[in-house]
Protein chains: 2
Amino acid sequence: MIRDTRLSGVLHVLLHMAEHEGPVTSEVLARAMQTNAVVIRRTMAGLKKRGYVRSEKGHGGGWSLACDLNTVTLGDVYEALGRPPLFAIGNRSEAPQCLVEQAVNAALDQAFHQAQELLLASFQGVTLAALSADFHRRLERHPSKQTGTDHA
Amino acid sequence: MIRDTRLSGVLHVLLHMAEHEGPVTSEVLARAMQTNAVVIRRTMAGLKKRGYVRSEKGHGGGWSLACDLNTVTLGDVYEALGRPPLFAIGNRSEAPQCLVEQAVNAALDQAFHQAQELLLASFQGVTLAALSADFHRRLERHPSKQTGTDHA
DNA sequence: TATCATGTAACATCATGTGATACATGATTC
DNA sequence: GAATCATGTATCACATGATGTTACATGATA
């Protein structure tokens, strides 16, 4: 079971962009994220469509923020990624004839539905600005650690 | 991202066993679950270790329930499966140097932690007996649908 | 016009869950 | 006690997706 790390990754990218003046190329972001430039472009496509970021071609081009960090939440970013599945556990079949399976599905569905509501509400409750503020708090306490592209 | 359906599947098996008098072989269960007998044995191993089911070899052998449905919950079964990962979304790195990533991780971790608590609490709140009762309610309303091994 | 960067399509690669096979162990039946 | 049946695993084969890579078209800048 491989976990989808795009949400984590794209938030990382956005916060870095917030610290950086001017556009950043996919190539640079890819190096920072230890991945490929094409993967960055793929991931950012959804954000661009929603107007959270802007991209420019040619010399001096790259990605830059196009939104107010105070108004965009983790939930917005999650949706921009196309609402990828949250849970790693699911039902064997969706609309089973078997009444046993229906009972099992109903119980699991209810539990997961509640958890999903809570998760999405949590996401909506955190703005990018709040994330950035948290980052700056950490920065004050550990000034040695850098903002840049040196990752573990 | 493939979902883990073992919890759904094993609950299905347990409820069927509750309806069935006497042991059921892995072969029969596999046919009902549209899978392989070895997969059934693999999955049941954890339940057996916890004493929720019993297995007997030889003629007339197979699997049978060894617990009170009123005391075993979905949470117990989930743990018997080895607490498989609940979420399909995760952090890019676990203990990053980067303070940006730390801030991102912290926000996501908190959200997922809350959701996990809720999920596990939901699981603990549902006994196998409750599931079975729900099944029987459905059975009364749709007597045509069978208990057996005819699955969609 | 050369270079740079995005935007995508198409393909390669790799991880991993699941199915399949093989065989050892133990229990039952005749 | 020999044959059969069933579990218990180890091991391998296979399918499925996610991710990485290559290639090339498009557009912008110098």
Side-chain angles (χ1 to χ4, degrees), chain A residues 1-10 13 17 20 22-66 81-82 84-93, chain B residues 1-10 13 17 20 22-66 80-82 84-90 92-93:
Chain A
M1 187 74 43
I2 294 181
R3 289 189 166 180
D4 187 338
T5 60
R6 285 179 301 160
L7 180 59
S8 165
V10 84
V13 164
M17 281 166 54
H20 193 280
V24 192
T25 69
S26 306
E27 207 61 58
V28 168
L29 290 176
R31 249 190 306 270
M33 305 280 296
Q34 304 182 96
T35 180
N36 191 285
V38 174
V39 176
I40 297 288
R41 296 194 190 110
R42 274 206 281 253
T43 310
M44 301 291 271
L47 298 203
K48 179 180 179 180
K49 197 168 290 177
R50 296 219 161 199
Y52 301 154
V53 296
R54 174 181 26 239
S55 72
E56 288 156 314
K57 295 182 175 180
H59 279 272
W63 300 91
S64 42
L65 285 174
L81 291 178
L86 292 171
F87 300 107
I89 290 182
N91 293 329
R92 263 175 10 95
S93 56
Chain B
M1 187 76 41
I2 294 179
R3 287 187 166 180
D4 187 339
T5 60
R6 286 179 301 159
L7 181 58
S8 166
V10 83
V13 165
M17 282 167 53
H20 193 280
V24 192
T25 69
S26 306
E27 208 62 57
V28 169
L29 289 175
R31 248 190 308 269
M33 305 281 295
Q34 304 182 100
T35 179
N36 190 284
V38 174
V39 176
I40 297 288
R41 297 194 190 109
R42 274 205 282 250
T43 310
M44 300 291 271
L47 298 203
K48 179 180 179 181
K49 197 168 289 176
R50 295 219 162 198
Y52 301 154
V53 297
R54 174 179 28 238
S55 73
E56 289 156 314
K57 294 182 175 180
H59 279 274
W63 300 93
S64 42
L65 285 174
L81 292 178
L86 292 171
F87 299 107
I89 290 183
R92 266 178 5 101
S93 56

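Chain A is the first sequence line, chain B the second, and so forth, proteins listed ahead of strands; every chain is numbered from 1. Here the structure is a predicted model, which means the values were calculated and not measured.
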For [X] and [N], give me the distance from atom [atom1] to atom [atom2], rounded to whole Å.
{"X": "B/Arg41", "N": "C/dA24", "atom1": "CZ", "atom2": "P", "answer": "16 Å"}
{"X": "A/Glu56", "N": "D/dT29", "atom1": "CD", "atom2": "C1'", "answer": "11 Å"}
{"X": "B/Arg54", "N": "C/dG26", "atom1": "CZ", "atom2": "C1'", "answer": "17 Å"}
{"X": "A/Gln34", "N": "D/dG20", "atom1": "CD", "atom2": "P", "answer": "11 Å"}
{"X": "A/Asn36", "N": "D/dT22", "atom1": "CG", "atom2": "C1'", "answer": "9 Å"}
{"X": "B/Glu27", "N": "D/dC5", "atom1": "CD", "atom2": "C1'", "answer": "11 Å"}
{"X": "B/Arg31", "N": "C/dA20", "atom1": "CZ", "atom2": "P", "answer": "13 Å"}
{"X": "A/Arg3", "N": "D/dT19", "atom1": "CZ", "atom2": "C1'", "answer": "18 Å"}

Roughly how far apart are [X] [atom1] and [Y] [atom2], rounded to 0.5 Å?
{"X": "A/Trp63", "Y": "A/Met17", "atom1": "CH2", "atom2": "CE", "value": "8.5 Å"}
{"X": "B/Leu86", "Y": "A/Leu86", "atom1": "CG", "atom2": "CG", "value": "12.0 Å"}
{"X": "A/Leu81", "Y": "A/Leu47", "atom1": "CG", "atom2": "CG", "value": "6.0 Å"}

Nearest to the [X] side chain among [options], which nucleotide is it?
{"X": "A/His59", "options": "C/dT29, C/dT8, C/dT3", "result": "C/dT3"}
{"X": "B/Lys48", "options": "C/dA20, C/dT8, D/dG8", "result": "D/dG8"}
{"X": "B/Val38", "options": "D/dT22, C/dT21, C/dT6", "result": "C/dT21"}
{"X": "B/Lys57", "options": "C/dT25, C/dG7, C/dA20", "result": "C/dT25"}

Completion exercise
Between B/Tyr52 and B/Ala80 the two heavy atoms that sit nearest each other are CE1-CB, 4.1 Å
Completion exercise
Closest non-hydrogen contact found for A/Ile40 with A/Met33 is CD1-CG, 4.1 Å
N/O (side chain, [X]) to phosphate O (OP1/OP2, [N]) under 4.0 Å:
{"X": "B/Ser26", "N": "D/dT7", "answer": "yes"}
{"X": "B/Ser55", "N": "D/dG8", "answer": "yes"}
{"X": "A/Thr35", "N": "D/dG20", "answer": "yes"}

Completion exercise
Comparing nearest nucleotides in DNA chain D, the 5'-proximal residue of the pair A/Gly58, A/Thr5 is A/Thr5
Exercise for the section: Have a look at A/Gly62 and say if it touches a base, only the backbone sugar-phosphate, or nothing, with a 4.0 Å heavy-atom cut-off. Expected result: sugar-phosphate
